[in-house]
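Input: a single structure, listed below in structure tokens.
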Amino acid sequence: MAMNGPTATERFVNGILPENPVYRQLLGLCPTLAVTAAMKPALTMAGAVLFVLVCANVLVSLIRGLLKPHLRILVFTLTIATFVTIADRLLAAYLYSMSKALGPYVPLIIVNCIIISRCEICSSKQGVVTAIADAFGVAFGYALALLSIATVREILGRGTWLDIPVMPLTQGDYGWSVMILSPGAFLVMGLLLGLWNWVEKRRARGRLGASAPGA
Amino acid sequence: MADDRAVEEPRQPAAEGVALSEPPKGGALSQAWLVLVMATFFGAALAGVEHKLGPVIAMNKLNETILQVPSLVPGAVETTPDMESAHGKNVFRALDENGRLVGWVVQGRGQGFADRIEVLIGLDASVATITGLFVLDQKETPGLGDNITTRAFRDRFAGIGTDVTLVAQNTTTNREAGVIQALSGATISSSAVCTIVNQTVNEVKEPLAEAARAASVVRGDR
Amino acid sequence: MEYFVNLLLIGVGAALIHNFVFYYFVGLCPFLGVSKRIDMAFGMGLAVTFVISIASTLSWLLTYYVLRPGAPVSSWIWSTLGGGSGEVNLTILSYLVYIFAIASSVQFVEMYVRKFFPPLYKSFGIFLPLITTNCAILFACLEIMKNVVGVEPAAMWGLDQALVLSLGGGVGFTIAIVIMAGIREELELSEIPEPMRGPGIVFIVAGILALAFMGFAGVDSALARLFKAGMS
């Protein structure tokens with residue numbers, strides 16, 4: 001990761017799948033598990049993270065020339081905490097019910113390692129455009145992970161998806177509570193992680209198999 | 001330790017300790033001016049946000065209660081917050097179209113099964129009966145305890161006198177004896193709601209009845 | 001007596017029923033990262049308990065005296081500066097204040113322990129810098145804030161309740177991470193399907209543990225009844 005690191009497009013694409021913050025890097029797990037009992041809070045959370053990540057990345061990238069090495073973590077934390085407070089207030093003002101449902105997990109974005117690691121790895125070293133692309137890529141990757149877990153949990157747990165009933169033959173009266181409760185979060189996360197690894201392994205083997213005869 | 005860190009942050013070996021141990025050079029101010037400038041800037045930004053959004057948020061919180069009042073107290077069309085009548089408790093006066101006091105709505109809170117439960121209790125003007133119940137905030141078990149928010153459960157409270165102590169039992173509701181039919185699989189949540197209602201009603205019963213008498217005297221003079 | 005029962009219930013609730021890891025999902029990073037050996041897990045648990053108590057004491061003091069609407073210190077400063085006697089509300093700054101309270105108490109604890117208790121520093125000092133970004137600590141501060149800001153004076157938490165909550169939470173975290181480390185030591189010897197190795201199986205085990213911890217539900221009200229019966 002030298003001065004001229006990956007380009008904006010590379011950053012954007014990398015954030016979504018190859019370096020997915022949840023499945024690959026196992027960062028930011030607390031909210032990932034806590035807000036994924038249903039789609040709506042998961043979507044709201046993804047939006048809040050996108051907002052904070054873009055703002056923090058842009059600001060840190062703008063002042064990257066002024067950063068003192070031993071004070072940089074302090075500056076990152078200050079920036080992130082401020083934008084999280086703003087996001088929290090915005091939610092409370094315009095999406096009050098969601099703000100109540102998410103509770104402490106919005107302020108907990110401050111200690112979400114995804115954002116501080118993006119400040120450290122990308123935006124404190126590269127230009128604004130790259131930083132924005134990186135923020136969007138990583139935030140989309142994070143949203144992808146949140147929404148995949150929330151989809152499984154809401155459909156299995158409540159029989160709905162985005163509050164629309166999808167389970168056939170149950171007349172809306174369906175409930176597998178464990179999936180909505182905390183054990184369901186751990187189990188679904190573990191299984192999806194296993195699935196992710198399995199798909200990756202198969203793809204890697206496929207590439208190897210394709211290149212082997214030619215070599 | 002090295003491989004433990006690897007599990008936690010497999011893809012970012014350079015995340016920490018790059019230059020943390022470098023000794024600071026120059027005066028403290030030349031080192032920290034950026035932090036100070038940013039702190040001032042952020043402080044101003046937050047003050048602006050609070051100035052702009054604070055009233056909206058306060059309004060959201062208030063509306064949450066006010067919108068429920070007509071369904072909690074029969075005949076109520078208007079509401080005014082009243083912090084004095086029950087020394088510090090969040091109380092709302094429910095008024096009919098002539099501005100006459102027809103009941104009270106009181107906020108109560110207490111520990112539920114999972115987290116704090118916040119309820120609104122509707123009372124008639126003389127604080128003799130409970131006229132309605134609404135659950136403002138709860139994080140009870142989905143599918144079991146969170147059924148305390150359903151109409152079917154809340155309606156079990158309407159019409160109960162404030163002189164009985166409520167208990168939740170696995171029998172049918174008996175309003176004279178203060179027995180509330182507990183939700184199946186959620187006895188603790190049901191009992192918690194009963195306890196909150198008992199506590200809150202006991203606290204506000206005397207002062208609100210007093211205030212209601214005073215209000216009717218004022219009305220009579222006019 | 002009533003007072004001690006209430007404190008006990010807060011503590012038991014935070015440690016077992018609403019375990020920070022299994023119920024609120026906070027502190028998952030160290031739970032995954034430092035749960036390979038029991039001794040390390042225990043050290044991490046101790047360090048978290050230690051820091052969480054100090055940070056929540058600090059944050060309670062700051063919330064109660066400075067941040068909450070109408071707090072004594074900020075109101076006094078405001079009126080001394082000639083700002084009139086209006087209610088001062090600094091809650092918008094609370095997240096910023098908490099994160100710096102946590103960061104500084106971590107620094108302070110590290111220096112103190114290194115100087116005065118070198119053996120203790122050897123056993124858990126290495127974890128201290130990692131704790132700053134542990135969500136469990138900030139979560140405890142936020143829980144305390146929820147019970148101080150916007151609550152009627154009678155129901156407002158005191159320092160005692162805040163401290164019991166954080167100690168209970170820390171103990172709960174230690175229990176969770178030590179159990180996990182014990183299971184992972186055994187997992188080393190078992191054959192796990194390849195894609196599930198590493199974090200995958202840890203999540204599955206944590207799910208089963210969370211299911212087991214749900215069995216503690218209702219322990220607090222049963223305890224309360226027991227004490228009430230004992231009193232009368």
Side-chain angles (χ1 to χ4, degrees), chain A residues 22-36 73-74 76-89 103-113 115-117 177-179 181-202, chain C residues 18-33 91-100 102-104 129-143 145-146 192-214 217:
Chain A
V22 174
Y23 289 128
R24 287 306 308 221
Q25 309 191 41
L26 293 173
L27 294 176
L29 290 171
C30 316
T32 309
L33 297 186
V35 304
T36 49
I73 300 282
L74 183 74
F76 296 163
T77 314
L78 192 70
T79 315
I80 295 168
T82 308
F83 285 120
V84 168
T85 310
I86 294 174
D88 181 58
R89 296 274 105 179
Y105 297 104
V106 178
L108 282 179
I109 298 176
I110 299 174
V111 283
N112 192 328
C113 339
I115 298 169
I116 207 159
S117 79
S177 309
V178 167
M179 277 297 142
L181 297 174
S182 50
F186 283 113
L187 295 174
V188 170
M189 177 74 203
L191 291 173
L192 284 180
L193 206 61
L195 185 71
W196 180 279
N197 287 342
W198 183 73
V199 170
E200 288 247 305
K201 281 255 159 58
R202 281 196 64 128
Chain C
H18 306 126
N19 187 285
F20 274 25
V21 176
F22 295 133
Y23 190 85
Y24 287 118
F25 310 106
V26 290
L28 276 177
C29 294
F31 181 72
L32 287 175
T91 39
I92 184 126
L93 294 178
S94 45
Y95 303 158
L96 271 169
V97 170
Y98 292 155
I99 194 74
F100 284 108
I102 293 168
S104 50
L130 293 179
I131 289 179
T132 314
T133 52
N134 182 341
C135 14
I137 319 273
L138 184 61
F139 179 77
C141 295
L142 292 168
E143 280 293 290
M145 174 190 168
K146 195 177 83 185
I192 303 159
E194 212 187 310
M196 296 301 290
R197 276 186 203 155
I201 193 70
V202 177
F203 274 113
I204 301 289
V205 171
I208 297 166
L209 283 176
L211 214 53
F213 266 71
M214 278 170 71

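Heavy-atom basis, side chains included; hydrogens, waters and symmetry copies ignored. The chains referred to below are lettered A, B, ... by the order of the sequence lines, with proteins before strands, and numbering in each begins at 1.
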So which part of [X] gets closer than 4.5 Å to some heavy atom of chain C, the side chain, the backbone, both or neither?
X: A:Asp88; result: side chain
X: A:Leu192; result: neither
X: A:Leu108; result: both
X: A:Val188; result: neither

Exercise: identify the closest heavy-atom pair between C:Pro199 and A:Leu26: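 Shortest heavy-atom separation between C:Pro199 and A:Leu26 comes out as CG-CD1, 3.3 Å.
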Would you call [X] and [Y] a side-chain contact if the rule is heavy atoms closer than 4.5 Å?
X: A:Leu29; Y: C:Phe25; answer: no
X: A:Val111; Y: C:Asn134; answer: no
X: C:Phe31; Y: C:Phe20; answer: no

Which atom pairs, donor and acceptor, lie under 3.5 Å between side-chain atoms of residues 76-86 of chain A and protein residues at least two apart or in another chain?
{"from": "A:Thr77", "atom 1": "OG1", "to": "A:Ile73", "atom 2": "O", "distance (Å)": "2.7"}
{"from": "A:Thr79", "atom 1": "OG1", "to": "A:Val75", "atom 2": "O", "distance (Å)": "2.6"}
{"from": "A:Thr82", "atom 1": "OG1", "to": "A:Leu78", "atom 2": "O", "distance (Å)": "2.8"}
{"from": "A:Thr85", "atom 1": "OG1", "to": "A:Ala81", "atom 2": "O", "distance (Å)": "2.7"}

Side chain to side chain contact (heavy atoms under 4.5 Å, CB included) between C:Ile204 and A:Leu187, worked out: CA-CA 5 Å; C:Ile204 301 289; A:Leu187 295 174; 4.1 Å; yes
Engaged part of [X] at the chain A interface, taking heavy atoms whose separation is under 4.5 Å:
X: C:Leu142; value: side chain
X: C:Leu211; value: both
X: C:Tyr24; value: both
X: C:Met145; value: neither

Leading residue by heavy atom contact count with chain C [cutoff under 4.5 Å; candidates A:Trp198, A:Trp196, A:Phe186]: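 Option with the top pair count is A:Phe186.
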Top of A:Gly194, A:Pro183, A:Gly103 for chain C proximity - count of heavy-atom pairs under 4.5 angstrom: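 Sorted descending by pairs with chain C, the first entry is A:Pro183.
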Salt-bridge contact C:Glu194-C:Arg197 (side-chain N to carboxylate O under 4.0 Å):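 Answer for the salt bridge query: no.
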Choice from C:Ala136, C:Ala212, C:Cys135, C:Pro193 maximising heavy atom contacts with chain A below 4.5 Å: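 Winner by heavy-atom pair count: C:Cys135.
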Residues, nucleotides or ligands: over 12 heavy atoms within 6.0 Å of A:Arg202 CZ: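 Counting other residues, nucleotides and ligands, CZ of A:Arg202 stays at 12 neighbours or fewer.
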